[in-house]
Protein chains: 2
Amino acid sequence: MSPTATVLKDTTQHSNCLAMSDVLNRIGDKWSVMVVGMLSRNGTLRFNELKRNINGVSQRMLTLTLRNLERDGLVTRTVYPEIPPRVEYGLTELGQTLTKPINALWDWSAEHHDEIVEARKAYDVDHSPAPSEPARIAYAR
Amino acid sequence: MSPTATVLKDTTQHSNCLAMSDVLNRIGDKWSVMVVGMLSRNGTLRFNELKRNINGVSQRMLTLTLRNLERDGLVTRTVYPEIPPRVEYGLTELGQTLTKPINALWDWSAEHHDEIVEARKAYDVDHSPAPSEPARIAYAR
DNA sequence: CCGCATCCGGTGGGATACTG
DNA sequence: CAGTATCCCACCGGATGCGG
């Protein structure tokens, strides 16, 4: 066993690994990214404005997402004690810095998504089960 | 660019929304990012090399992660029919383009992770113990 | 060495209903 | 309008064991 081959170049990763995991856990769930995207393009928004414009989010998930983003210092939450109540959300400065890398991802997605779709189709064709046999059914009810 | 007042500026998002969700679902799980990171820094790697160097991944998750990445055209899988068998994984060209936005995220994480940790501490301090604690309120705007 | 199958507990997240 | 609470279940993901 050659001593040079024992360790791979993961030293740079190890120092940032925890941080990266942490950040990924936050922006990993798609709703967070959608919220940040909406707020970065529209400035401050009310709860239902976010809910209406983020396709498919439940009010429960939106609430949780906003709480997490607020807790991480990425989003501000401002309550106006009126009737009916009004709550506005906006990006903090930290949140605004995050939009740059997120937009990079967004651009990449827009540019390469069709390649991914095509790759999947090609993969599924090759790895599809026997012609007369449909895919396995996990939970037949 | 003349946005009407009735609709928020989500037009650009809507077209990319599906693509973004799709991509996020892939790179959202932390193992994918780790794998791409390892492969981008080390070139092609064998299964157990990946397993050993990605902290905490189970072989099941690594297998699934690699399958998904392969299916999406981000990772190549090369089988050498030897005994014992040898399988090497590497990034496709598409996968290599993805490293740029991922690295941007990685850099952001490294730079701002401590701010997030601090924000969480601050949030937890004045949100958990006192039930009669008012959030930040904009009085009489 | 590589990787699939099976079992199984924990949880993410939708649907729904209720408060201030 | 902006949440909170409850139910419930699909799926994630770890542990273990077998097979080429």
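Sequence lines set the chain letters: A, B, ... in the order given, protein chains first and strands last, and positions in each chain run from 1.
- Between the CG atom of B:Leu64 and the C1' atom of D:dA15 there is a distance of 14 Å, given to the nearest Å.
- The phosphate of C:dC1 (OP1 or OP2) has no side-chain N or O of B:Arg46 nearer than 4.0 angstrom.
- A straight line from CZ of B:Arg60 to P of D:dG14 spans 9 Å, rounded to a whole angstrom.
- The structure places OG1 of B:Thr99 at 10.5 Å from CG of B:Leu94, a figure rounded to the nearest 0.5 Å.
- Cluster membership for A:Ile116 and A:Tyr123, using ILVMFWY side-chain heavy atoms within less than 4.5 angstrom, is not shared.
- For A:Asn55 and C:dG14, the CG to P distance is 12 Å, given to the nearest whole Å.
- Picking from D:dC1, C:dG3, D:dG14 the nucleotide with the shortest atom distance to the side chain of A:Arg52 gives D:dC1.
- Within the 4.0 Å cut-off from OP1 or OP2 of D:dC1, not a single side-chain nitrogen or oxygen of A:Tyr89 is found.
- In this structure, A:Arg67 reaches the D:dG3 phosphate: one of its side-chain N or O atoms is under 4.0 Å from OP1 or OP2.
- Closest to the side chain of A:Thr63, out of D:dG13, D:dC1, D:dG3, is D:dG3.
- A sub-4.0 Å separation between OP1 or OP2 of C:dG20 and a side-chain N or O of A:Arg86 is absent.
- When the side chains of ILVMFWY residues are joined at heavy-atom separations under 4.5 Å, either directly or via intervening members, B:Leu50 and B:Val79 end up in a single hydrophobic cluster.
- Taking atom CZ of residue A:Arg26 and atom P of nucleotide C:dG12, one finds them 11 Å apart after rounding to whole Å.
- Checked for salt-bridge contact, B:Asp22 and A:Arg120 meet the test: a charged N lies under 4.0 Å from a carboxylate O.
- Listed candidates were C:dG14, C:dG3, D:dG14. Nearest to the side chain of B:Ser58 is D:dG14.
- When heavy atoms are screened at a 4.0 angstrom cut-off, B:Gln59 is found touching base atoms of the nucleic acid.
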